[in-house]
Number of protein chains: 2
Amino acid sequence: MTVSKATADAVKPSRASGKAPVDGAAENPALQMGELSELLGYSLKRAQLKVFEDFLRCVAPLQLTPAQFSVLLLLDNNPGRNQTEIANTLGILRPNFVAMLDALESRDLCTRVRSTNDRRSHILMLTEKGRTVLARAKKLVATKHEARLNELLGPANRVALLDMLSKIAAEF
Amino acid sequence: MTVSKATADAVKPSRASGKAPVDGAAENPALQMGELSELLGYSLKRAQLKVFEDFLRCVAPLQLTPAQFSVLLLLDNNPGRNQTEIANTLGILRPNFVAMLDALESRDLCTRVRSTNDRRSHILMLTEKGRTVLARAKKLVATKHEARLNELLGPANRVALLDMLSKIAAEF
DNA sequence: GATAATTGTTATGGACTATACCAAATATCG
DNA sequence: CGATATTTGGTATAGTCCATAACAATTATC
């Protein structure tokens, strides 16, 4: 009850009352971001959304999400691993990894093979098509996505940024 | 069918067969991250999750999420604005902003006041309690959260990181 | 004054995340 | 050996975000 309606409107005589109609498109002034500009987490999330958005655009012809791309990459670099191992290193919970693999497998990008050593686990491997798609994706990411980031930041800054982010991800 | 089960297990004779039992805790080697370490988007998301996690820890006594904190901050810096204005500058869709405000208002941190200029819109304002909570939150964020980031990166790097992230968020 | 646009809102669906639980297979240990 | 515990892939489920359509009340436009 500390806020009265009178105080409310007293603060803001701008919309239809005191608006400066000098020019035709003289709209409301931009909002003051205040301490928000200094909040690292805020810029971090905004930047992450933009980067993911651009990733999707660049790799759209292959219909791969960042998460799917990371799975294919990991499979390529780590043959013979099972679902839990791959999921864990990507920070994906095993239950949630099932549907992801179902999607990739249904598109014939990878396969689950029952291990003979441990008949509980599924060895994951890229299919031939998976390798092809991954190769094309890598090229798109390098020539379109990361190239654009390099253009915006400059190579040196891009590396510095990556190092700091990795440090945060690892040690924070 | 390009992948045979024979090839699958041939790649990985490690689990129970060829594991080097030299030491007691000699487990499977860590997975090869490969080109994933160079993917900015990957480190970006991992870092963002860590930072948000720490934010929640630091401001836990006040029970504020990063999004709620950003709303309170914006309200403090921009009195007299309505829901759409606040939501838009935060990248929140108006329908999703309703529940957010309901939560904040039910905790008596802010209020919706019908504008007399435009009786459709709700002017948003912090309550007295909202101002108090925001002040405490700011202090916690500064002394615990951002301080920890400063400690990890160093003040100069922290600023450089923030600048690059803001640039990506704005121009990418 | 009729029509269009805006504001807050509801309903709803999709994507992502997190937890509990289960059967099959394996490991552990008395 | 056999009983018990652990691991693996999987299901079910709930919660959080994010996005779109639609609606009533109000205001703007012409």
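Chain letters run A, B, ... following the sequence lines, proteins first and then strands; every chain starts at 1.
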Considering all heavy atoms of both residues, which atom of A/Leu64 and which atom of A/Phe55 are nearest to each other, and what is their separation?
O-CE2, 4.0 Å
If you compare all heavy atoms of B/Gln63 against all heavy atoms of B/Arg107, which two are closest, and at what distance to 0.1 Å?
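For B/Gln63 versus B/Arg107, the nearest heavy atoms are O-NH1, 2.9 Å.
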Between [N] ([atom2]) and [X] ([atom1]): distance, integer Å:
| X | N | atom1 | atom2 | result |
| --- | --- | --- | --- | --- |
| A/Arg114 | D/dG9 | CZ | P | 9 Å |
| B/Gln48 | C/dC16 | CD | P | 14 Å |
| B/Phe97 | C/dT10 | CZ | C1' | 17 Å |
| A/Glu53 | D/dC17 | CD | P | 20 Å |
| A/Leu56 | C/dA15 | CG | C1' | 12 Å |
| A/Asn117 | C/dA25 | CG | C1' | 13 Å |
| B/Ile92 | D/dT20 | CD1 | P | 16 Å |
| A/Met100 | D/dG10 | CE | C1' | 16 Å |

Report the residue (A/Ala67 or A/Leu93) whose heavy-atom-nearest nucleotide on DNA chain C is the more 5′ of the two.
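Mapping each residue to its closest nucleotide by heavy atoms, the 5'-most match is A/Ala67.
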More 5' along DNA chain C: A/Arg119 or B/Gln83, using each one's nearest nucleotide?
B/Gln83
A/Pro95 has a side chain; which of D/dG9, C/dT19, D/dT26 sits nearest to it?
C/dT19
Which nucleotide in C/dT17, D/dT8, D/dC18 has an atom nearest any side-chain atom of B/Asn96:
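Comparing C/dT17, D/dT8, D/dC18 against the side chain of B/Asn96, the answer is D/dC18.
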Kindly indicate, with the supporting measurements, whether the criterion side-chain contact (heavy atoms from CB on, under 4.5 Å) is fulfilled by A/Gln83 and A/Arg94.
CA-CA 7 Å; A/Gln83 296 187 197; A/Arg94 277 74 70 202; 5.9 Å; no
Any base atoms under 4.0 Å from B/Arg94, or only sugar-phosphate, or nothing? Heavy atoms, all strands.
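Base contact.
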Do B/Arg120 and D/dT26 have a side chain to base donor-acceptor pair shorter than 3.5 Å?
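Under the 3.5 Å cut-off, the side chain and the base do form a donor-acceptor pair.
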When clusters are formed by joining ILVMFWY residues with side-chain heavy atoms under 4.5 Å apart, either directly or through shared neighbours, do B/Leu40 and A/Leu74 land in the same one?
no
Do the non-hydrogen side-chain atoms of B/Tyr42 and B/Met33 ever get within less than 4.5 Å of each other?
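Answer yes - side chains close enough.
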Compare side-chain N and O positions of B/Ser121 against OP1 and OP2 of C/dT6 and report whether any pair is under 4.0 Å apart.
no
Within the structure, does a side-chain N or O atom of A/Lys45 lie under 4.0 Å from either OP1 or OP2 of D/dC17?
no
